[in-house]
Asks: 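Mind looking over this structure? Questions follow.
Quick note on labels: first sequence line is chain A, next is B, and so on, each numbered from 1. These numbers come from the heavy atoms of this one structure, side chains and all, not from hydrogens, waters or symmetry mates. Note that the structure is a prediction, hence the values are computed from the model and not measured.
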Protein chains: 2
Amino acid sequence: MVTLKQLAKELNVSISTVSKALNNSEEIGEETVRRVKELAELYNYKPNKVALSLKQNKTKTIGVIIPNILNHFLAKVLFGIEREATKLGYHIITCISNESLEKEKESLQLLANGSVDGFILCVAEETQIKNEVEHFKTTISQGLPIVMFDRVAHDVMCDKVIVDDFDATYNATKGLLKEDRKKIAFLSNIEDLSVGKLRERGYAKAVLEENRQEPLILKINKNDDQQKNIRSFLKKNKDIDGVIAADSSSGIIAINAAVNLGKKVPKDISVIGFASKSDAIHAFPRLTTIRQHAKVIGAETAQMLIHRLENMDLKEDVKTKIVKTSVVKNDSTLN
Amino acid sequence: MVTLKQLAKELNVSISTVSKALNNSEEIGEETVRRVKELAELYNYKPNKVALSLKQNKTKTIGVIIPNILNHFLAKVLFGIEREATKLGYHIITCISNESLEKEKESLQLLANGSVDGFILCVAEETQIKNEVEHFKTTISQGLPIVMFDRVAHDVMCDKVIVDDFDATYNATKGLLKEDRKKIAFLSNIEDLSVGKLRERGYAKAVLEENRQEPLILKINKNDDQQKNIRSFLKKNKDIDGVIAADSSSGIIAINAAVNLGKKVPKDISVIGFASKSDAIHAFPRLTTIRQHAKVIGAETAQMLIHRLENMDLKEDVKTKIVKTSVVKNDSTLN
DNA sequence: CTGAAAGCGCTAACAG
DNA sequence: CTGTTAGCGCTTTCAG
């Protein structure tokens, strides 16, 4: 990499002259500017990012800590973050916590040494279960802002972007009730997560409200055979005529299992699930989905963090932004 | 963030003494070392990463350029890269090219200013179609090593990690032929990619070799309705009794479509597809899959790049590593 | 055993 | 209009 020094030497001017010329300073003569820029162009000079970061005490880099990149929703949020950050001139350093509290702490530690200007993160499952938040507070107190999305730690004062999980399942369940479904089940393999609990409550409220049935809930453990579980659950509860799936795979599996058990979807049984477009087509008929607008969430978090970074002096109050879900009607529901 | 300067001031010693003490230099007296370390601990001192990078002219950071993070295979490779890089003390900066040549070039440019020590990348679709490689060569000539994985540019001299795509479909097809399948179709929505072409050739070679049938290939465009396409293809070609799917969704969709058309899987029709474990269970019966060991690929690329970075003086020859696929027998094939 | 000084690449205040 | 200098935080050589 060419440096200012080398350009200066070759042009027989001082380093600062070169620097100013390249930064279009008014101080430098036209002719000099031309000569400098020409040579810089020729050598494909690019200011050294590390030197700039040191000088200006900011890296224009965001640390992103994601629990699981194989989760389609989280990957999509990451996609949104990357795109927005790039647009605004920032890079992202990605760490994967693997749902582990320890790794989450480590990642925070490892990057809180000048590597990044701030963090975007989704709280790890273990962290939510143990309800630990000290490491977040420490980081913030070191002057590194955090924006949390989806799974957030309520006790931490920081910007947040969340989904209206409660309303989403509440409304979806209402929708099935309007189809005159008599026995609606709730499937979930994310009962440990804050969002999982909210989704369950939304469902439960809807069914209880209309006084038609008790909640009927299948909780699936991470390590269980999900396909077998759902199949036998449907087999045992033959009168289930509606399903709300809280996670990204249960809905698809439920459709396939129901079809396999000889039921017509959506005539005999309606299914709504959280899923992306690309997963929805894995089911036949296609799963009617609750869409979380992951890319929007990603873009919002990035905007929020960058806004804060570029207005650190203002000390603005923390905000929580709710991104509304929407239902995409496909073929697994009547209306 | 506390700096050496502040520690030095508080301890009434020089900056270099503090630095040496913290780095366990033999030069410094026991007592001084103790005092310094104590205070550093108290203030939670961490050496500034940016300053270190500037000084040592290396960032311990890898630029990763991925075409599409929503592709499960690529996400999994990224996961493998991140884990291995972290283990070896490196961070990763992730850029998403979105299959665009322009974005790929930009990302390379943007990071080739001291931000990273080298690159890991999977060539964008547009780049493969246009067969452009100059930007890769430029980057390498600037002293930034590249390791390519999966989709590689053969004309670029750099380390590579690839999959035995040809053998994978060749062997899978052979497997179906052994089941005495008479009409095996090949489904693909990745015909533009180098790996897509290899997979097709592996399939074609196998069916032609045994002289039993002409290749029967369904190419699906990215924007087509994949589900409809596959369904009508199977409907039209009623005698299809075997399917090899080149991409990650066609296999799953084929099973569901076949079942829906009244066929028994695997009795009437066998299906093998490239897919991950988590996607395989979206089909009922479960898709027998060709597994690419994405995490291993990720780990290998990271190792390869870091090895090169830490042995830049050796000027070793470039290597190509092949990671063998394996077939995981599930329920959509007889054996 | 400890400290002063140089230098990594850059910007910017200040001097000329 | 151009150059000198200091300084961002750190390591390391060289002097003391």
Asks: For dC8(C), does OP1 or OP2 lie under 4.0 Å from any side-chain N or O of Lys58(B)?
Replies: no
Asks: How close or far is atom C1' of dG9(C) from atom CG of Asn57(A), stated in whole angstroms?
Replies: 16 Å
Asks: For dT11(C), does either OP1 or OP2 sit under 4.0 Å from a side-chain N or O belonging to Ser19(A)?
Replies: yes
Asks: For Asn48(B), which contact category applies under a 4.0 Å heavy-atom criterion: base, sugar-phosphate, or nothing?
Replies: sugar-phosphate
Asks: Between P on dG3(C) and CG on Asn12(B), what's the gap in Å once rounded to a whole number?
Replies: 9 Å
Asks: When you measure from the side chain of Lys20(A), which nucleotide among dC10(C), dC14(C), dA4(C) comes out closest?
Replies: dC14(C)
Asks: Using five pairs at each end of the helix from dC1(C)-dG16(D) to dG16(C)-dC1(D) to define an axis, what is the angle between those two axes, to 10°?
Replies: 60°
Asks: Distance check, rounded to the nearest 0.5 Å: Glu82(B) atom CD versus Cys95(A) atom SG?
Replies: 5.5 Å
Asks: Among the candidates dT2(D), dA6(C), dC10(C), find the nucleotide nearest to the side-chain atoms of Lys55(B).
Replies: dA6(C)
Asks: If you look at every strand shown and take non-hydrogen atoms under 4.0 Å, does Ser16(A) touch a base, only sugar-phosphate, or nothing?
Replies: base
Asks: Consider the side chain of Lys5(A), meaning its heavy atoms from C-beta on, and name the nucleotide among dC8(C), dC10(C), dC14(D) that approaches it most closely.
Replies: dC8(C)
Asks: Select from Glu30(B) and Leu4(A) the residue whose nearest nucleotide in DNA chain C is closer to the 5' end of that strand.
Replies: Glu30(B)
Asks: Take atom CD of Gln56(A) and atom C1' of dA13(C), then tell me their distance rounded to the nearest Å.
Replies: 16 Å
Asks: Report the nucleotide, chosen from dG3(D), dC14(D), dA6(C), that has the shortest atom-to-atom distance to any side-chain atom of Thr17(A).
Replies: dG3(D)
Asks: Rounded to whole angstrom units, what separation is found between the NZ atom of Lys49(A) and the C1' atom of dC8(D)?
Replies: 16 Å
Asks: What is the distance, to the nearest angstrom, from the CD1 atom on Ile15(A) to the P atom on dG7(C)?
Replies: 11 Å
Asks: Could you go through Lys5(A) and Glu10(A), starting from their C-alpha distance and side-chain angles, then the distance that decides it, and tell me whether this counts as side-chain contact (heavy atoms from CB on, under 4.5 Å)?
Replies: CA-CA 9 Å; Lys5(A) 202 177 180 178; Glu10(A) 192 144 339; over 6 Å; no
Asks: If we check salt bridge (Lys or Arg N to Asp or Glu O under 4.0 Å) with Arg151(B), which of these qualifies: Glu126(B), Glu125(B), Glu99(B)?
Replies: Glu99(B)
Asks: Can a side chain N or O of Asn23(B) be found less than 4.0 Å away from OP1 or OP2 on dT11(D)?
Replies: yes
Asks: Using atom types as modelled and distance alone, determine if a side-chain donor or acceptor of Lys49(A) lies under 3.5 Å from a backbone N or O of Thr59(A).
Replies: yes
Asks: Is a donor from one side chain sitting under 3.5 angstrom from an acceptor on the other, for Asn98(A) and Ser100(A)?
Replies: no
Asks: Might you confirm whether atom CE of Met312(A) has over 12 heavy atoms from other residues, nucleotides or ligands at distances under 6.0 Å?
Replies: yes
Asks: Taking the side chain of Thr32(A) as its heavy atoms from C-beta onward, which of dT2(D), dG3(C), dC10(C) lies nearest to it?
Replies: dT2(D)
Asks: Look at the side-chain N and O atoms of Ser14(B) and state whether any lies under 4.0 Å from the OP1 or OP2 oxygen of dG3(C).
Replies: yes
Asks: Could you tell me the separation between the CG atom of Leu22(A) and the P atom of dA12(C), rounded to a whole number of Å?
Replies: 13 Å
Asks: For Val13(A), which contact category applies under a 4.0 Å heavy-atom criterion: base, sugar-phosphate, or nothing?
Replies: sugar-phosphate
Asks: Using 0.5 Å steps for rounding, measure from the NZ atom of Lys319(B) to the CD atom of Glu300(B).
Replies: 10.5 Å
Asks: Send over the distance from Asn24(B) CG to dC1(C) P, rounded to a whole Å.
Replies: 14 Å
Asks: Base, sugar-phosphate, or nothing: which does Leu54(A) touch, judged by heavy atoms less than 4.0 Å apart?
Replies: base
Asks: Atom CG of Leu7(B) to atom P of dT11(D): distance rounded to whole Å?
Replies: 12 Å
Asks: Say whether Glu132(B) and Thr127(B), considering side chains only, have a donor N or O and an acceptor N or O under 3.5 Å apart.
Replies: no
